[in-house]
Amino acid sequence: MERTELLELLSPGGLGLLDSLPPYESKGDVLALVAALRKQGHSPELVSAVLTQSRLRRKAAAKFGDFAPSMLFTEAGLEQATRLRVASLHAGRFRDAGLRHVVDLGCGIGGDALALAGLGLTVTAVEADEVTAAIASFNLAPFETAAVVHARAEEVDLGTADAAYLDPARRTAGHTGTTRLTDPNDYSPSLGFAFGLGERMPVGVKLGPGLDRELIPAEAEAQWVSVGGQLTEMGLWFRELARPGIRRSALVLGETGIDELTAAADSPDAEVGELGGFLLEPDAAVIRARLIGDLARSLDARMVSGGIAYLTADEPPHTPFATAFRVLETLPADEKRLKKALRERGIGTLEIKKRGIDIDPATLRQRLALSGPESATIVMTRVAGRHTTLLVERLARP
């Protein structure tokens with residue numbers, strides 16, 4: 001969004017026009033709406049701005065729920081924003097540690113600051129980009145305890161703050177069409193700056209879940225978060241924000257609840273054992289936190305093969321930390337014989353899961369050229385070191 005578009009949007013007439021837009025779905029609806037708005041005398045910049053915001057508000061419902069229709073966004077800001085459900089848990093960590101004034105360094109559109117202010121904490125939200133800072137100011141306007149500062153994170157005086165929260169920009173600058181940065185030294189602010197703050201005061205840092213684990217400071221609590229089975233982030237927590245005795249955590253947010261697996265360190269893998277009647281695929285947060293061994297031991301399960309993140313058990317497991325499958329039968333690993341076996345079973349729709357085997361499921365599915373009324377799931381992996389194909393039935397998570 002350009003500055004001129006933002007200024008038109010933030011005018012009373014612009015916000016009123018945005019809130020008055022009717023629902024639209026198809027390209028034809030958009031073209032008709034543009035023509036109608038232009039006929040009413042609205043500028044091209046305002047029409048573009050309100051239609052973009054209307055689209056982003058609908059998209060933002062997945063992250064911000066009922067708050068989305070009253071917020072403003074940029075494309076990049078929405079993509080990088082923390083889900084409000086997760087941000088609320090982060091905010092609770094600050095509150096529970098007795099920290100009352102938090103500086104949100106690199107607040108983006110203000111999602112995390114909104115959660116902090118919603119718990120009654122004083123929040124100074126800092127944003128380097130002028131347009132994004134203005135949008136954060138709009139989103140945080142309902143909260144008397146929140147203020148937005150247009151500045152770089154490194155320039156802010158933290159003298160009155162109890163704690164800091166950082167979500168370093170991990171994409172190139174801009175509001176649309178940004179690309180991911182691969183070098184943590186290029187983050188804004190840098191990891192060095194964030195970790196340096198963590199040595200001086202309570203600090204939380206949101207990072208991508210795939211960050212090189214060698215970069216994680218030994219004194220920090222590292223928490224990987226998954227929402228609805230999707231791995232979304234890793235949080236690092238320093239000083240009072242790091243819980244005693246916990247350095248590894250897998251936080252799993254499902255449709256019906258929140259569950260967490262914690263440990264003082266990476267857990268050693270469980271022993272490899274014979275394939276049982278059930279196969280377990282640990283949640284991605286558990287895998288990234290390297291708590292597969294602890295999960296296996298808690299379920300009386302074992303590894304199917306060394307270095308493979310699948311577990312097996314003899315009894316149906318009940319856990320929020322893994323997707324469970326009933327093993328129906330072992331199918332041929334050879335592609336030609338596998339194709340014949342699947343066709344014999346009338347399988348036309350096939351889900352292919354794989355781990356530890358160099359195949360592309362989409363390409364394999366094309367080569368199998370299946371047709372038939374049945375659907376099925378196969379798991380292609382190694383069992384006791386040997387390539388194996390399992391026909392499985394997915395079990396519902398608890």
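As the structure is a prediction and not an experimental result, all values here were calculated from the model.
- Counting heavy atoms from C-beta outward, Pro168 and Val205 have side chains that approach closer than 4.5 Å.
- With Thr388 contributing its side chain and Arg382 its backbone, the two residues share no donor-acceptor pair below 3.5 Å.
- Taken from CD1 in Ile359 to CZ in Arg365, the straight-line distance is 9.5 Å, to the nearest 0.5 Å.
- Between Phe73 atom CZ and Lys63 atom NZ the span is 9.5 Å, to the nearest 0.5 Å.
- Results of the salt bridge (charged side-chain N to carboxylate O under 4.0 Å, His left out) test with Glu281 over Lys354, Arg394, Arg355 single out Arg355 as the only residue that passes.
- Between Leu166 and Pro189 there is a side-chain heavy-atom pair separated by less than 4.5 Å.
- A heavy-atom distance below 4.5 Å is not found between the side chains of Leu231 and Ile287.
- Between Glu8 and Val50 there is no side-chain heavy-atom pair separated by less than 4.5 Å.
- Checking side-chain atoms of Asp162 against main-chain N and O of His101 turns up a donor-acceptor pair under 3.5 Å.
- Not one N or O on the side chain of Thr381 forms a donor-acceptor pair closer than 3.5 Å with the backbone of His387.
- One hydrophobic cluster, built from ILVMFWY side chains closer than 4.5 Å, cannot hold both Leu338 and Val383; they sit in different ones.
- The distance from the OG1 atom of Thr262 to the CG atom of Asp294 is 9.0 Å, given to the nearest 0.5 Å.
- At most 12 non-hydrogen atoms from other residues, nucleotides or ligands lie less than 6.0 angstrom from CG of Asp300.
- Summarising the local packing, CG of Asp212 is surrounded by more than 12 heavy atoms from other residues, nucleotides or ligands at distances under 6.0 Å.
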Notebook entry, point to check: Can you list the steps and then say if Leu121 with Arg100 is a side-chain contact (heavy atoms from CB on, under 4.5 Å)?
Noted result: CA-CA 5 Å; Leu121 303 184; Arg100 305 305 302 169; 3.3 Å; yes
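- Distance alone, capped at 3.5 Å, is enough to place a donor-acceptor pair between the Arg345 side chain and the Ala341 backbone.
- The main-chain N or O of Ala87 is never found under 3.5 Å from a side-chain atom of Arg83 such that the two would form a donor-acceptor pair.
- For the pair Arg239 and Glu221, the salt-bridge criterion is not met [side-chain N within less than 4.0 Å of a carboxylate O].
- Summarising the local packing, CD of Gln366 is surrounded by 12 or fewer heavy atoms from other residues, nucleotides or ligands at distances under 6.0 Å.
- Note that the CZ atom of Arg55 and the CZ atom of Arg57 stand 13.5 Å from one another [nearest 0.5 Å].
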Next item on the list: Quick one: do Val103 and Val149 satisfy side-chain contact (heavy atoms from CB on, under 4.5 Å)? Show the steps, please.
Entry: CA-CA 10 Å; Val103 178; Val149 176; over 6 Å; no
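- Classification of the Phe238-Phe195 ring pair by plane angle, with boundaries at 30° and 60°, yields tilted.
- In terms of modelled atom types and a separation under 3.5 Å, the side chain of Ser43 and the main chain of Leu46 share a donor-acceptor contact.
- For Arg247 and Asp266, the salt-bridge test fails: no basic side-chain N is under 4.0 Å from an acidic carboxylate O.
- Residue Thr377 forms a side-chain hydrogen bond (donor to acceptor under 3.5 Å, both in side chains) with just one option from Glu351, Glu393, Lys353, and that option is Glu351.
- Annotation for Glu271: atom CD does not count as buried by contact number, only 12 or fewer foreign heavy atoms lying within 6.0 Å.
- Shown here is Glu255, whose CD atom has no more than 12 heavy atoms of other residues, nucleotides or ligands within 6.0 Å.
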Next item on the list: Could you give me the CA-CA distance, side-chain angles and deciding distance for Leu21 and Leu51, then say whether side-chain contact (heavy atoms from CB on, under 4.5 Å) is met?
Entry: CA-CA 8 Å; Leu21 289 183; Leu51 288 178; 4.1 Å; yes
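- Residues Arg248 and Ile216 come closest through the heavy atom pair NH1-CG2, 4.5 Å.
- Using a 4.5 Å heavy-atom cutoff, the side chains of Met234 and Leu236 are in contact.
- Taking the side chain as every heavy atom from C-beta outward, Leu350 and Ile352 approach each other to under 4.5 Å.
- Leu295 and Ile246 fall into different hydrophobic clusters, where Ile, Leu, Val, Met, Phe, Trp and Tyr residues are linked whenever their side-chain heavy atoms come under 4.5 Å apart, directly or through other members.
- Taking the charged nitrogens against the carboxylate oxygens, Arg243 and Glu260 do have a contact shorter than 4.0 Å, which makes a salt bridge.
- Considering all non-hydrogen atoms of both residues, Asp112 and His90 come closest at OD1-CD2, 4.3 Å.
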Check: Step by step, would you call Arg367 with Asp360 a side-chain contact (heavy atoms from CB on, under 4.5 Å)?
Finding: CA-CA 11 Å; Arg367 291 201 302 264; Asp360 176 56; over 6 Å; no
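- Heavy-atom minimum distance, Thr74 versus Ile135: CG2-CD1, 3.5 Å.
- In terms of hydrophobic clustering, with Ile, Leu, Val, Met, Phe, Trp and Tyr side chains grouped at heavy-atom distances under 4.5 Å, Val286 and Leu395 are assigned to different clusters.
- Crowding of Phe67 atom CZ: a count of heavy atoms from other residues, nucleotides or ligands under 6.0 Å not exceeding 12.
- The pair Asp283-Arg288 fails the salt-bridge criterion, with no side-chain N (NZ, NE, NH1 or NH2) lying under 4.0 Å from an Asp/Glu carboxylate O.
- In this structure, the side chain of Ser190 does not engage the main chain of Tyr187 through any donor-acceptor pair within 3.5 Å.
- Heavy atoms only, all atoms of each residue included: Pro209 and Thr232 are closest at CD-O, 3.8 Å.
- Side-chain N or O atoms of Ser20 include one that pairs as donor or acceptor with a backbone N or O of Leu17 at under 3.5 Å.
- Atom-to-atom distance recorded for Ile292:CD1 and Arg297:CZ is 11.0 Å, nearest 0.5 angstrom.
- Nearest heavy-atom pair, Leu56 versus Leu78, reported as atom, atom and distance to 0.1 Å: O-CD2, 3.7 Å.
- We find that Asp96 and Arg93 are not joined by a salt bridge, their nearest charged nitrogen and carboxylate oxygen being 4.0 Å or further apart.
- For the pair Leu18/Ser54, a side-chain contact is recorded, criterion being any heavy-atom separation below 4.5 Å from C-beta on.
- Side chain of Glu127 to main chain of Asp129: a donor-acceptor pair is present (N/O by atom type, distance under 3.5 Å, no hydrogens or angles).
- By the rule that hydrophobic residues join a cluster once side-chain heavy atoms approach within less than 4.5 Å of another member, Met380 and Ile308 end up as members of separate clusters.
- Using a 4.5 Å cut-off on side-chain heavy atoms (C-beta onward), Leu279 and Leu311 make no contact.
- Taking CG of Asp104 as the start and NZ of Lys206 as the end, the distance is 10.5 Å to the nearest 0.5 Å.
- Residue Lys59 qualifies as open at atom NZ: its count of foreign heavy atoms under 6.0 Å is 12 or below.
- Side-chain atoms of Thr312 come within 3.5 Å of backbone N or O of Phe278 as a donor-acceptor pair.
- The hydrophobic cluster containing Leu158 does not contain Tyr165, counting ILVMFWY residues as joined when their side-chain heavy atoms lie under 4.5 angstrom apart, directly or transitively.
- Ion pairing between Glu344 and Lys340 holds under the 4.0 Å rule for side-chain N and carboxylate O.
- Residue Pro317 comes nearest to Ala324 through the heavy atom pair CG-CB, 3.7 Å, listed as atom of the first residue, atom of the second, then distance.
- Enclosure of atom CD in Glu144 is not indicated, since only 12 or fewer non-hydrogen atoms of other residues, nucleotides or ligands lie within 6.0 angstrom.
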